[in-house]
Amino acid sequence: MFIPNLLSTESGSESIVRARIVIVEDEPDLRDAVAEYLGASGYDVATAESAAAARSLVETQSFHLAILDIAMPGEDGLSLGRWLRSKLPIGIIYATAAGTALDRIVGLELGADDYIVKPYELREVLARVRSVLRRVPQPQELHGKKAGTDRRSIAFGPFQADLDGRLVTGANGAVIDMAKSEFDVLEIFLTRANRLLTRAAISEAIGFTEDPESSRAVDIRIMRLRKKIETDPANPKFLRTVRGEGYIFSLPTGDGN
């Protein structure tokens with residue numbers, strides 16, 4: 001798949017890459033309104049009326065974030081989101097009709113970064129876009145900046161987490177396939193190792209409001225993360241549950257740098 005350089009704007013000696021967003025929505029009025037609003041807010045926006053059209057876009061363009069309607073004719077947003085995850089390190093916000101809690105839970109299990117519930121206000125969309133983009137790799141590059149210098153890296157067991165590159169490798173340097181939402185949680189624990197973290201604290205660090213659904217979202221992310229870093233997820237060595245309190249990531253003193 002060909003992924004061209006992201007569109008950038010020049011300012012003196014710096015080249016700032018603006019975040020690129022794709023909106024996949026079968027309602028044309030809503031799709032155009034969201035695109036216009038986000039474009040006026042400083043983002044580069046592309047639109048697609050269906051999952052098939054979105055797939056064609058992704059074959060020739062790269063995006064930092066996708067806003068996906070779940071209930072579309074043909075391929076639905078959940079299936080498209082799963083495909084996007086296999087192609088790009090992309091943030092995903094699902095748009096779902098009010099009251100469809102099942103869709104929200106399924107989306108979380110597939111690695112959604114956030115949700116907006118229809119009908120929604122454009123200001124809410126912008127707030128959620130900004131929140132997700134703060135948690136994905138920053139769409140900014142500076143000319144002359146040397147890649148790979150002063151990178152934050154933390155080792156735990158056979159794993160090495162590159163916090164700046166948002167990459168985890170295991171034994172023999174094998175890359176661990178990890179959704180951004182999973183890496184978000186891992187980074188929170190690694191940078192607060194050996195400290196008890198409540199669900200409320202984790203939700204706040206991720207950017208969620210604390211409510212029963214957010215607590216469920218935290219638990220789902222931790223469950224998926226354990227499957228990838230624990231030899232026995234039912235008896236975790238690193239990411240342990242403190243019953244009635246929260247979670248703690250056990251990192252021997254001296255691990256990481």
Side-chain angles (χ1 to χ4, degrees), residues 1 3 58 62-66 68 78-94 105-114 132-139 147-195 197 199 201-203 205-208 216-241 246-257:
M1 178 178 65
I3 299 294
V58 171
S62 182
F63 298 96
H64 298 92
L65 180 88
L68 309 178
L78 294 174
S79 173
L80 176 61
R82 188 165 53 245
W83 180 81
L84 286 171
R85 281 278 192 240
S86 72
K87 295 291 184 180
L88 294 171
I90 190 171
I92 292 178
I93 298 175
Y94 283 121
I105 294 301
V106 171
L108 289 171
E109 291 174 345
L110 292 176
D113 293 288
D114 207 344
V132 171
L133 286 175
R134 283 195 295 268
R135 309 197 302 269
V136 300
Q138 291 298 304
T149 60
D150 299 323
R151 301 184 77 90
R152 296 176 301 149
S153 181
I154 297 178
F156 58 102
F159 302 100
Q160 189 79 27
D162 179 352
L163 300 186
D164 295 316
R166 296 180 64 83
L167 182 72
V168 179
T169 53
N172 302 318
V175 175
I176 307 301
D177 182 19
M178 192 168 291
K180 280 177 293 303
S181 58
E182 296 162 9
F183 192 94
D184 290 341
V185 172
L186 178 62
E187 182 174 12
I188 288 166
F189 280 112
L190 288 177
T191 54
R192 300 165 178 81
N194 303 316
R195 290 166 50 187
L197 298 179
R199 287 180 177 82
I202 299 168
S203 294
I206 293 174
F208 289 156
R216 172 65 173 157
V218 168
D219 291 339
I220 289 172
R221 283 160 168 75
I222 288 174
M223 177 185 66
R224 294 203 315 261
L225 184 57
R226 279 175 172 161
K227 290 179 179 179
K228 297 184 178 182
I229 65 171
E230 300 285 2
T231 303
D232 181 2
N235 297 284
K237 171 186 175 183
F238 301 114
L239 214 173
R240 298 185 293 109
T241 300
Y247 299 94
I248 187 168
F249 196 96
S250 297
L251 189 66
T253 303
D255 274 17
N257 53 311

Please determine whether side chain to side chain contact (heavy atoms under 4.5 Å, CB included) holds for the pair V185 and Y247, giving the CA-CA distance in whole Å, both sets of side-chain angles, and the decisive distance to 0.1 Å. CA-CA 11 Å; V185 172; Y247 299 94; over 6 Å; no

Determine the sole option in N235, T241, D232 for which the side chain to side chain donor-acceptor pair (under 3.5 Å) test with R226 is passed. T241

Just verifying a value: how many Å separate L190 CG and I154 CD1, rounded to the nearest 0.5 Å? 5.0 Å

Interatomic distance, L186 atom CG to I222 atom CD1 [nearest 0.5 angstrom]: 11.0 Å

Is there a side chain to side chain contact (heavy atoms under 4.5 Å, CB included) between F238 and E230? Walk through the geometry before answering. CA-CA 7 Å; F238 301 114; E230 300 285 2; 3.3 Å; yes

Hey, is the main chain of I92 close enough, under 3.5 Å, to the side chain of D113 for a donor-acceptor pair? yes

Would you say L133 and L65 make side-chain contact, with heavy atoms under 4.5 Å? yes

Audit row: F189, L251, side chain to side chain contact (heavy atoms under 4.5 Å, CB included) steps and yes/no: CA-CA 10 Å; F189 280 112; L251 189 66; over 6 Å; no

May I ask you to test the M178-D184 pair for a side-chain heavy-atom distance under 4.5 Å? no

What distance separates F249 CZ from R195 CZ, expressed to the nearest 0.5 Å? 14.0 Å

Roughly how far, to the nearest 0.5 Å, is OG1 of T169 from CD1 of I176? 7.5 Å

If you compare all heavy atoms of D162 against all heavy atoms of G165, which two are closest, and at what distance to 0.1 Å? OD1-N, 2.9 Å

Shortest non-hydrogen contact from G91 to V132? CA-CG1, 4.2 Å

Value rounded to 0.5 Å, distance of CD1 in I188 from CG in L197: 8.0 Å

How long is the gap from CG on D219 to CD1 on I202, to the nearest 0.5 Å? 8.5 Å

May I have all residue pairs that pass ring-ring contact (aromatic ring centres under 6.0 Å, His included) and include part of residues 157-183, sequence neighbours excluded? F156-F159

Step-by-step side chain to side chain contact (heavy atoms under 4.5 Å, CB included) determination, F63 to L84: CA-CA 10 Å; F63 298 96; L84 286 171; over 6 Å; no

Might you point out which heavy atoms bring S250 and R240 nearest each other, and give the distance in Å? OG-NE, 2.9 Å

Hits for salt bridge (Lys or Arg N to Asp or Glu O under 4.0 Å) against K228, two or more places apart or cross-chain, chain-then-number order -> E182

